[in-house]
2 protein chains.
Amino acid sequence: MSAARSTRQRDVIARVLHDAEGPLAVGDVLARARTDLPALGVATVYRTLKLLTEQGRIHPVTLDGETRYEPSGKGHHHHFSCTGCGRVFTLHTCPVALPSGTVYPGGFVVEAHEVTLYGRCPECVQGQRAG
Amino acid sequence: MSAARSTRQRDVIARVLHDAEGPLAVGDVLARARTDLPALGVATVYRTLKLLTEQGRIHPVTLDGETRYEPSGKGHHHHFSCTGCGRVFTLHTCPVALPSGTVYPGGFVVEAHEVTLYGRCPECVQGQRAG
DNA sequence: ATTGGTGCAAAGACTTTGCAGTATT
DNA sequence: AATACTGCAAAGTCTTTGCACCAAT
């Protein structure tokens, strides 16, 4: 069988995602990874994101019209999209109580939920990053 | 100044969105509108969606990686994405209590929130549409 | 030494734009 | 009659794929 090899590119991309404050878009991953690997190609980023997704190590999150990626295994969490700087943060508190199996008015059986909060991140509240 | 004209295409597209069970993707709009206007072109759909958005009559919603559009003025609501048939429904009940201005742990000031529920719609629960 | 991985460039998919004919005002 | 709107096709943008060279095993 084909074994997935360990390469510098994959390590860096995985680390970039792991160290991020929240899910990153392809462009973010590319930019941050190029700090260590200036010659990194876009195709490699797409291929690696696909591979990591298939391996279940990361997964896509859609937010504000773009697909972002975050490491799996973070447990139940949600996202905060800052209207000031545009960054997306991971939040570990959940504002809803909807156990899987809950039946919503109308007969909708809920299996999972996703919450996105919009507002100002701490830095933007203090005017450090607003723009 | 340039006045936006009333055309059959625009009327049909606006009606399709208005009559929908939830936000529609470009392809859905095109398919449904073509029932009345077989010759409708994709470009017109894109242009009309953009126009209606600028007029504030509709607005985009991103869900599962695709952009969908829904009429504005529906009041506070959320969405239910059916894992069976893939359709997205509008829900008028809100499972969270997060008034604008709430400060989330970490110092995040919440201005708005979005909730997406995933599960089985009534039809899919009854096996009528599952696939 | 093998063979999977990478970067580049070409190919796809989706969205926007240019243009000439059409329809609304 | 004037001019905004439409459909088609070309042009963009983003993502995927093909290929020759490179690197991990």
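Below, chain A is the first sequence line, B the second, and so on; all start at residue 1.
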Review point. Per the side-chain contact (heavy atoms from CB on, under 4.5 Å) rule, which among B:Thr48, B:Val45, B:Leu17 passes with B:Tyr69?
Key: B:Leu17

Between [X] ([atom1]) and [N] ([atom2]), how many Å, whole number?
X	N	atom1	atom2	answer
B:Leu49	D:dT6	CG	C1'	15 Å
A:Leu51	D:dT16	CG	P	13 Å
B:Gln9	D:dA4	CD	P	17 Å

Residues in side-chain hydrogen bond (donor to acceptor under 3.5 Å, both in side chains) with [X], at least two apart?
X	result
A:Thr83	B:Glu111
B:Gln9	none
A:Thr44	none
B:Ser81	B:Asp64

Practice item. Spell out, as yes or no, whether a donor-acceptor pair under 3.5 Å connects the side chain of A:Thr67 to the backbone of A:Pro60. Key: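 No: the side chain of A:Thr67 does not pair with the backbone of A:Pro60.
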
Practice item. Give, ordered by number, those residues of residues 20-40 of chain B having at least one heavy-atom distance below 4.0 Å to an atom of DNA chain D; if nothing qualifies, reply none. Key: B:Ala39, B:Leu40

Point to revise | For DNA chain D, the residues among residues 57-71 of chain A that have a non-hydrogen atom under 4.0 Å from it | key: none

Review point. Are A:Leu52 and A:Val12 grouped together when hydrophobic residues (ILVMFWY) are joined by side-chain heavy atoms under 4.5 angstrom apart?
Key: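 Yes; tracing contacts between hydrophobic side chains, which count when under 4.5 Å, links both residues.
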
Check your understanding: Would A:Glu70 and A:Leu24 satisfy side-chain contact (heavy atoms from CB on, under 4.5 Å), going step by step from the backbone distance to the final call?
Key -> CA-CA 7 Å; A:Glu70 69 182 358; A:Leu24 302 181; over 6 Å; no

**Study point:** Those residues that, when tested against B:Arg10, pass salt bridge (charged side-chain N to carboxylate O under 4.0 Å, His left out) (two or more places apart)
**Key:**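 Salt bridge (charged side-chain N to carboxylate O under 4.0 Å, His left out) list for B:Arg10, sorted by chain: empty.
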
**Study point:** Test salt bridge (charged side-chain N to carboxylate O under 4.0 Å, His left out) applied to B:Glu66 - qualifying residues, sequence neighbours left out
**Key:** B:Arg68

Check your understanding: Do the non-hydrogen side-chain atoms of B:Arg87 and B:Cys124 ever get within less than 4.5 Å of each other?
Key -> no

Report each atom pair, protein N/O against N/O of nucleotides 21-25 of chain D, whose distance is under 3.5 angstrom.
| unit_1 | atom_1 | unit_2 | atom_2 | d |
| --- | --- | --- | --- | --- |
| D:dA24 | N3 | A:Arg5 | NH1 | 3.2 |

Contacts under 3.5 Å, N or O only, protein and nucleotides 17-21 of chain C:
| unit_1 | atom_1 | unit_2 | atom_2 | d |
| --- | --- | --- | --- | --- |
| C:dG18 | O6 | B:Arg47 | NH1 | 3.2 |

Quiz: residues 28-42 of chain A side-chain donor-acceptor pairs under 3.5 angstrom, not counting sequence neighbours:
| unit_1 | atom_1 | unit_2 | atom_2 | d |
| --- | --- | --- | --- | --- |
| A:Asp28 | OD2 | A:Ala25 | N | 2.9 |
| A:Arg32 | NH1 | A:Glu21 | OE1 | 3.1 |
| A:Arg32 | NH2 | A:Glu21 | OE2 | 3.2 |
| A:Arg34 | NE | A:Leu40 | O | 2.9 |
| A:Arg34 | NH2 | A:Leu40 | O | 2.7 |
| A:Thr35 | OG1 | A:Arg32 | O | 3.1 |
| A:Asp36 | OD2 | A:Arg15 | NH2 | 2.5 |

Review point. Which ILVMFWY residues can you reach from A:Phe80 by hopping between side chains whose heavy atoms are under 4.5 Å apart?
Key: A:Phe89, A:Leu91, A:Val96, A:Leu98, A:Tyr104, A:Phe108, A:Val110, A:Val115, A:Leu117, B:Phe80, B:Phe89, B:Leu91, B:Val96, B:Leu98, B:Tyr104, B:Phe108, B:Val110, B:Val115, B:Leu117

